[in-house]
Colleague: 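The structure is given below, and queries will be raised subsequently.
It should be emphasised that the depicted structure is a prediction, and the values quoted were computed from it without experimental measurement.
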Amino acid sequence: MIDLERTLAAADLVAYAGATWDWHRLHYDPAYLAERGLDRPVVDGQLLGALMAEHAQDWAGPDSRLTRLRYRLVSMVFAGDTVRVTGAVAEVDGRRTTIEQQVLVGDRVAATGTAEVTSR
């Protein structure tokens, strides 16, 4: 399974916030971040889930669909970080394939999860 790798710039976080209407200041406001001891915007956890969905769908191909995605955030990811989504097939049951995934920043685990894809 090929990994998906992305560097998430501050502009990507703002674009994602606009697409999802999630304007929490944690994702873009330098003054708000400084008050909390953070030097960079925090990546929205849903963006990591979206990358996991993209990774599973890319692997499964256009004749499949993502039927379930479950994930748990383990550590924060910040603007400027490069994330890598990895995965391995855990189970095949007829047309349904279960993929165990991780989102990594370097060697640090940022999220873990399971995606299910069904072939048509």
Side-chain angles (χ1 to χ4, degrees):
M1 182 172 283
I2 296 173
D3 295 350
L4 181 149
E5 189 171 293
R6 294 274 166 74
T7 299
L8 302 171
D12 298 318
L13 277 59
V14 171
Y16 190 80
T20 61
W21 288 88
D22 182 356
W23 291 108
H24 194 287
R25 295 167 59 192
L26 193 61
H27 307 307
Y28 68 88
D29 185 340
Y32 183 83
L33 293 163
E35 290 172 6
R36 283 146 185 80
L38 300 170
D39 63 346
R40 295 182 289 160
V42 177
V43 173
D44 188 327
Q46 293 180 80
L47 178 53
L48 301 180
L51 292 174
M52 295 170 83
E54 180 180 344
H55 174 256
Q57 191 66 54
D58 284 352
W59 173 81
D63 290 332
S64 65
R65 66 183 187 138
L66 181 68
T67 54
R68 174 174 282 168
L69 178 67
R70 295 180 182 185
Y71 63 96
R72 181 175 67 88
L73 303 174
V74 178
S75 63
M76 290 194 291
V77 177
F78 298 93
D81 285 346
T82 298
V83 298
R84 183 169 39 96
V85 183
T86 66
V89 173
E91 180 182 358
V92 177
D93 182 11
R95 297 181 318 145
R96 185 188 56 163
T97 301
T98 303
I99 304 166
E100 297 292 333
Q101 295 175 297
Q102 287 189 322
V103 178
L104 304 169
V105 177
D107 293 332
R108 177 174 51 87
V109 177
T112 61
T114 305
E116 290 181 7
V117 291
T118 303
S119 59
R120 295 181 196 184

Colleague: Output, in order, the C-alpha distance, side-chain angles, deciding distance and verdict of side chain to side chain contact (heavy atoms under 4.5 Å, CB included) for Val42 and Arg36.
Modeller: CA-CA 11 Å; Val42 177; Arg36 283 146 185 80; over 6 Å; no

Colleague: To the nearest 0.5 angstrom, please state how far the CG atom of Leu8 sits from the OG1 atom of Thr82.
Modeller: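 One gets 7.5 Å once the value is rounded to the nearest 0.5 Å.
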
Colleague: Between CG of Asp63 and CZ of Arg120, what distance do you get to the nearest 0.5 Å?
Modeller: 6.5 Å

Colleague: Please report the closest heavy-atom contact between Leu66 and Ala56, naming both atoms and the distance.
Modeller: CD1-CB, 4.3 Å

Colleague: Can you name the residues that form a side-chain hydrogen bond (donor to acceptor under 3.5 Å, both in side chains) with Glu100, not counting sequence neighbours?
Modeller: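 Here the qualifying residues are Thr114.
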
Colleague: Once rounded to the nearest 0.5 Å, what's the spacing between atom CG of Leu104 and atom CD of Glu5?
Modeller: 10.0 Å

Colleague: Nearest heavy-atom pair of Leu69 and Gly49: which atoms, and what distance?
Modeller: CD2-O, 3.3 Å

Colleague: As an exercise, state the distance from CD1 of Ile99 to CE of Met1, rounded to the nearest 0.5 Å.
Modeller: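 Atom-to-atom, Ile99:CD1 and Met1:CE are 4.0 Å apart.
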
Colleague: Would you check, one step at a time, whether the test salt bridge (charged side-chain N to carboxylate O under 4.0 Å, His left out) holds for Glu35 with Arg25?
Modeller: CA-CA 11 Å; Glu35 290 172 6; Arg25 295 167 59 192; 5.2 Å; no

Colleague: I need the Arg65 CZ to Thr118 OG1 distance, nearest 0.5 Å.
Modeller: 6.0 Å

Colleague: I'd like to know if the side chain of Asp44 reaches the main chain of Gln46, judged simply by a donor and an acceptor atom lying under 3.5 Å from each other, with no hydrogens or angles considered.
Modeller: yes

Colleague: Are side-chain heavy atoms of Glu91 and Arg96 found at a separation under 4.5 Å?
Modeller: yes

Colleague: State, with a plain yes or no, whether a side-chain heavy atom of Leu33 is found less than 4.5 Å away from one of Leu26.
Modeller: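 In short, these two side chains touch, coming nearer than 4.5 Å.
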
Colleague: For Val109 and Ser75, work out which heavy atoms get closest and say how close.
Modeller: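 Heavy atoms only, the tightest pair is O-OG, 2.8 Å.
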
Colleague: Please collect all ring-ring contact (aromatic ring centres under 6.0 Å, His included) contacts where either partner lies in residues 36-91, sequence neighbours excluded, each pair once.
Modeller: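 Those involving residues 36-91 do not exist here.
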
Colleague: Can you sort out the partners of Gln57 under side-chain hydrogen bond (donor to acceptor under 3.5 Å, both in side chains), two or more places apart, ordered by chain and number?
Modeller: Ser64

Colleague: Are Leu38 and Val14 in one and the same hydrophobic cluster, where Ile, Leu, Val, Met, Phe, Trp and Tyr link if side-chain heavy atoms are under 4.5 Å apart?
Modeller: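 In one cluster with Leu38: Val14, no.
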
Colleague: I need the minimum non-hydrogen distance between Thr112 and Met52, along with the two atoms involved.
Modeller: C-CE, 3.9 Å

Colleague: Counting C-beta onward and ignoring hydrogens, is there a side-chain heavy-atom pair between Leu47 and Arg6 closer than 4.5 Å?
Modeller: no

Colleague: Taking the side chain as everything from C-beta on, heavy atoms only, tell me whether Val103 gets closer than 4.5 Å to Leu51.
Modeller: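 Contact flag for Val103/Leu51 side chains = no.
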
Colleague: Look up atom OH in Tyr16 and atom CG in Leu48, then write down how far apart they are to the nearest 0.5 Å.
Modeller: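 Rounded to the nearest 0.5 Å, the OH-CG separation comes to 9.0 Å.
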
Colleague: For side chain to side chain contact (heavy atoms under 4.5 Å, CB included), just list the numbers for Asp81 and Val43, CA-CA rounded to whole Å, side-chain angles, deciding distance to a tenth of an Å, and then say yes or no.
Modeller: CA-CA 9 Å; Asp81 285 346; Val43 173; 6.0 Å; no

